[in-house]
Amino acid sequence: MKPANSVLSGYGTTIFEVMSRLAQEHDSVNLGQGFPDGNGPADVVAAATDYLENGVNQYPSMMGIPPLREAVAAHAKRFYGLEVDWPREVLITSGGTEALGAALFGLIEPGDEAVLIEPLYDSYLPIVRRAGAVPRMVRLEPPDWALPVDELRAAFSDKTKLILFNTPMNPCAKVFDRDELELIAGLCIRHDAYAVCDEVYEHLAFDGRPHIPMITLPGMRERAVRIASAGKIFSLTGWKVGMVTAAPDLLTPIAKAHQFLTFTTPPNLQSAVAYGLNKDDSYFAGLNADLQARRDMLAAGLADIGFGIVPCAGTYFLTTDFRPLGFNGDDVDFCRHITVEAGVAAVPVSAFYESGEVRHFARFAFCKQEAALDEAIARLGRHFGSGA
């Protein structure tokens, strides 16, 4: 038999699927994969149902239905003061990952270089390599996740086509501040590179930190691709509705790639997301406050058990150092151990690095109901001898 594609066939099953299957097998509380409990806002779900019954359930435009594209532009104006020409600068995709794929396939030529920041979401490297680019990796290390300025500068060259980065950052929960973003923007301008910006956790920057879209910085309006996700904004990760904002010259090749990937996205979901993006500011503030409270709840519970807690500035995810517990093994061993023996699933942080010695950190998702977090804390407490 002739071999399959050598790039994609070289990767194993995503760590999220592996740990979720293991959690199901052992009836564990799944704090590994980042999907919220519950069924999202009832009014947004009702809007999708209403459209199914009363809307047009045929192919919509590959660019997305106009009400959603208008809503994306209005959302950018409301939260970031960004003026967006929705007919020319907004594209709707089937999820944030498809948006990343369309952006990378649309912008990269084989042999280009792409700068990526580790730890990184696990789809980044496969897509970059399948597009034909050479990845140039820059590493952030726990517990402070400081941006290594010299290494970042060295990663850029005249061969750099783009940087792909994520803020608020999955998996390490870092929120890039203005100084860091301006440094990255300056390197993009100096080396004539694009910035593909994964901003799906934009409403989940905690403790009063602002989320600053790269596209709003001086010199980046024509260079930045902003990617948002309805799944994260409305806790409906199964819907897979992504939203891309970029200048027309950037959006055109991205849209051409999109037309040969998924072409379009279910119109009832698009209509419901348009409704949701127009919700009052209190919805977005409430989402942020709720997830911040769950972060604090899980952090306090794990700290009481003996975990070392790494600061979490945003997203769904809390990184912990399990060395204080005295476990004899690496992070893969630890996550498998607690899933099977304690009944709580987590994800090893080493899965988000291409290589290296980050082997004693486990990531927990706190986007779950309080009862699930309570149960996870209780199970881990009993297992490690610090609970009833």
Side-chain angles (χ1 to χ4, degrees), residues 15-16 31 34 80 96 100 115-125 135-153 155 163-188 195-217 220 224 226-229 232 287-288 291-292 294-296 298-299 302 307-321 331 346-354 356-358 360-367:
I15 189 65
F16 310 118
L31 304 189
Y80 311 117
L100 288 166
V115 178
L116 295 93
I117 299 176
E118 296 183 289
L120 42 73
Y121 184 62
D122 68 345
S123 74
Y124 289 3
L125 267 176
R136 298 299 182 200
M137 312 299 288
V138 178
R139 290 174 63 93
L140 308 185
E141 301 277 359
D144 60 357
W145 310 115
L147 185 65
V149 173
D150 291 341
E151 289 86 344
L152 180 65
R153 288 182 174 137
I163 181 172
L164 168 56
F165 80 106
N166 176 207
T167 183
M169 190 175 178
N170 173 14
C172 71
K174 175 184 176 68
V175 176
F176 285 79
D177 64 27
R178 183 172 293 275
D179 289 343
E180 292 169 322
L181 293 172
E182 288 179 347
L183 171 65
I184 295 170
L187 289 168
C188 289
V196 177
C197 309
D198 179 349
E199 301 179 15
V200 300
Y201 294 99
E202 61 185 302
H203 288 291
L204 296 177
F206 301 139
D207 305 306
R209 293 177 178 86
H211 168 66
I212 304 171
M214 176 70 79
I215 198 171
T216 64
L217 296 186
M220 294 305 294
R226 170 172 144 75
I227 295 172
S229 166
K232 302 303 188 296
L287 173 72
N288 184 284
L291 269 295
Q292 182 175 314
R294 297 189 199 195
R295 174 203 66 177
D296 294 343
L298 182 61
L302 295 180
F307 285 86
I309 306 300
V310 176
C312 166
T315 74
Y316 287 163
F317 307 111
L318 184 70
T319 298
T320 64
D321 185 342
D331 59 344
V347 169
V349 171
S350 64
F352 303 102
Y353 287 89
E354 188 172 28
E357 299 179 356
V358 181
H360 46 264
F361 293 90
R363 192 197 76 171
F364 294 86
F366 51 82
C367 53

Problem set entry | Worked verdict on H203 versus L291 for side-chain contact (heavy atoms from CB on, under 4.5 Å) | CA-CA 10 Å; H203 288 291; L291 269 295; over 6 Å; no

For this session: Begin from the C-alpha positions of V149 and E180 and carry the test side-chain contact (heavy atoms from CB on, under 4.5 Å) through to its verdict.
Result: CA-CA 9 Å; V149 173; E180 292 169 322; over 6 Å; no

Exercise. Where do L100 and Y124 land on the side-chain contact (heavy atoms from CB on, under 4.5 Å) test, with the steps shown first?
Worked result: CA-CA 8 Å; L100 288 166; Y124 289 3; 3.5 Å; yes

Exercise. Between I163 and C188, does a side-chain contact (heavy atoms from CB on, under 4.5 Å) hold up when you go through it step by step?
Worked result: CA-CA 8 Å; I163 181 172; C188 289; 3.7 Å; yes

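Checked by atom type and distance alone, the side chain of N166 pairs as donor or acceptor with a backbone atom of P168 at under 3.5 Å.
Ion pairing between a basic and an acidic side chain is recognised when a charged N comes within 4.0 Å of a carboxylate O; R139 and E354 show no such pairing.
How far CG of D296 is from CD1 of I309: 11.0 Å, rounded to the nearest 0.5 Å. Distance SG/C367 to NZ/K232: 8.5 Å, rounded to 0.5 Å. Rounded to the nearest 0.5 angstrom, F176 CZ and W145 CH2 are separated by 11.5 Å. Separation of atoms OH (Y201) and OG1 (T167) is listed at 12.5 Å; rounding is to 0.5 Å. Distance check: I184 CD1 to E182 CD gives 11.0 Å after rounding to the nearest 0.5 Å. Between L31 atom CG and L302 atom CG the span is 8.5 Å, to the nearest 0.5 Å.
Between M169 and L140 the shortest side-chain heavy-atom distance falls below 4.5 Å. For the pair L217 and M214, the minimum side-chain heavy-atom distance is below 4.5 Å. Contact check for H360 versus D331: no side-chain heavy atoms found under the 4.5 Å cut-off. Counting only heavy atoms from C-beta outward, the side chains of V115 and L152 approach each other to under 4.5 Å. With contacts defined as side-chain heavy-atom distances shorter than 4.5 Å, the pair R178/I212 qualifies. Residues P143 and D321 have side chains not in contact (no heavy-atom distance under 4.5 Å, counting atoms from C-beta outward). At least one side-chain heavy atom of P135 sits under 4.5 Å from a side-chain heavy atom of L125. Contact of the R363 side chain with the N170 side chain is registered, since non-hydrogen atoms from C-beta on lie closer than 4.5 Å.
The two atoms that bring A228 and V200 nearest to each other are C-CG1, 4.1 Å, heavy atoms only. For the pair A205 and V175, the tightest heavy-atom approach, listed with the atom from each and the gap, is CB-CG2, 4.1 Å. Across V138 and A155, no two heavy atoms sit closer than the pair CG2-CB, 3.7 Å. Nearest heavy atoms, T319 versus P171: OG1-O, 4.0 Å.
Under the side-chain hydrogen bond (donor to acceptor under 3.5 Å, both in side chains) criterion, R226 pairs with E199, E202, sequence neighbours left out. Scanning for side-chain hydrogen bond (donor to acceptor under 3.5 Å, both in side chains) contacts around E151 gives an empty result, with sequence neighbours left out.
Ring orientation note: the planes of F206 and F366 are tilted relative to one another, at an angle of 30° to 60°.
When ring centroids are compared, F317 and F364 stay outside the 6.0 Å threshold. For an aromatic pair to be called close, the ring centres must be under 6.0 Å apart, and Y80 with H211 satisfies this.
For the pairing with R295, the side chain to side chain contact (heavy atoms under 4.5 Å, CB included) check across D207, T315, L204 returns one residue only, D207.
For R209, the CZ atom counts as densely surrounded, since its 6.0 Å shell holds more than 12 non-hydrogen atoms of other residues, nucleotides or ligands.
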